[in-house]
Amino acid sequence: MCIIIDANVAGKFCSNPISKEANLIYQKLTKGELHLALGGKLTKELSKTGMRRILIELNRRGATKIYPTNEINAETKKLQNLNICASNDHHVIALARISRARVLFSLDHNLHKDFRDRNFINRPRGSVYSSTNHANLLTNPPNCA
């Protein structure tokens with residue numbers, strides 16, 4: 001079971017107290033019920049936030065799956081050449097395609113459109129977690145590649 005966390009929600013993991021949405025993900029990651037897909041530009045973006053300490057902890061616990069930057073960069077370039085993404089987060093879509101993660105935690109509505117678009121992510125289609133109302137998405141998301 002795999003999830004991608006967009007950099008625009010990193011602050012939700014660092015607030016005091018941690019937000020309800022982020023806490024639900026964090027608990028599942030620390031219990032081994034979820035894995036965090038990382039790699040390429042997204043890893044750099046998250047590492048520059050207050051989430052850096054959490055990433056180190058999750059990596060030590062074995063709760064992360066890190067994908068090769070060169071594969072993500074190649075896929076990112078393919079997406080950029082298509083010039084049809086609504087968002088400027090080609091690297092996130094590329095990570096989803098490489099990792100087969102089909103759940104995204106983000107508040108970026110343009111990225112939501114891309115993540116749900118069957119032209120980018122299918123079999124199964126991508127889903128967006130943005131509030132605890134979407135908690136069902138965290139119960140049985142597809143495994144990482």
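Predicted model, so just to flag it, every value in this text is computed and none were measured.
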Whether [X] side chain and [Y] backbone form a donor-acceptor pair below 3.5 Å:
| X | Y | value |
| --- | --- | --- |
| T132 | A135 | no |
| D117 | K113 | no |
| D114 | C85 | no |
| S99 | A101 | yes |

Specify the closest pair of heavy atoms between [X] and [Y], including all atoms of both residues, with the distance to one decimal.
| X | Y | answer |
| --- | --- | --- |
| G126 | I121 | N-CG2, 3.7 Å |
| E21 | K12 | OE1-NZ, 3.9 Å |
| L46 | A10 | CD2-CB, 4.1 Å |
| A7 | L42 | N-CD1, 4.0 Å |
| L137 | V103 | O-CG2, 3.8 Å |

| message | Atom CZ of residue position R53 - does it have more than 12 heavy atoms of other residues, nucleotides or ligands inside 6.0 Å? | response | no
Is any side-chain heavy atom of [X] closer than 4.5 Å to a side-chain heavy atom of [Y]?
| X | Y | result |
| --- | --- | --- |
| L38 | Y67 | no |
| L104 | I3 | no |
| F120 | F115 | no |
| K65 | C144 | yes |
| M1 | H35 | no |
| N59 | L36 | no |
| Q27 | T30 | yes |

- Task: Tell me yes or no: between the side chains of H91 and E45, is some donor less than 3.5 Å from an acceptor?
- Result: yes
- Verify whether one side chain among S87 and N110 offers a donor that lies under 3.5 Å from an acceptor in the other.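 Absent: no donor and acceptor within the cut-off.
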Review point. Please walk me through it: do R60 and E57 pass salt bridge (charged side-chain N to carboxylate O under 4.0 Å, His left out)?
Key: CA-CA 5 Å; R60 284 184 185 146; E57 174 195 349; over 6 Å; no
Exercise for the section: Could you check F105 against V128 for side chain to side chain contact (heavy atoms under 4.5 Å, CB included), going step by step and ending with a plain yes or no? Expected result: CA-CA 6 Å; F105 181 31; V128 177; over 6 Å; no
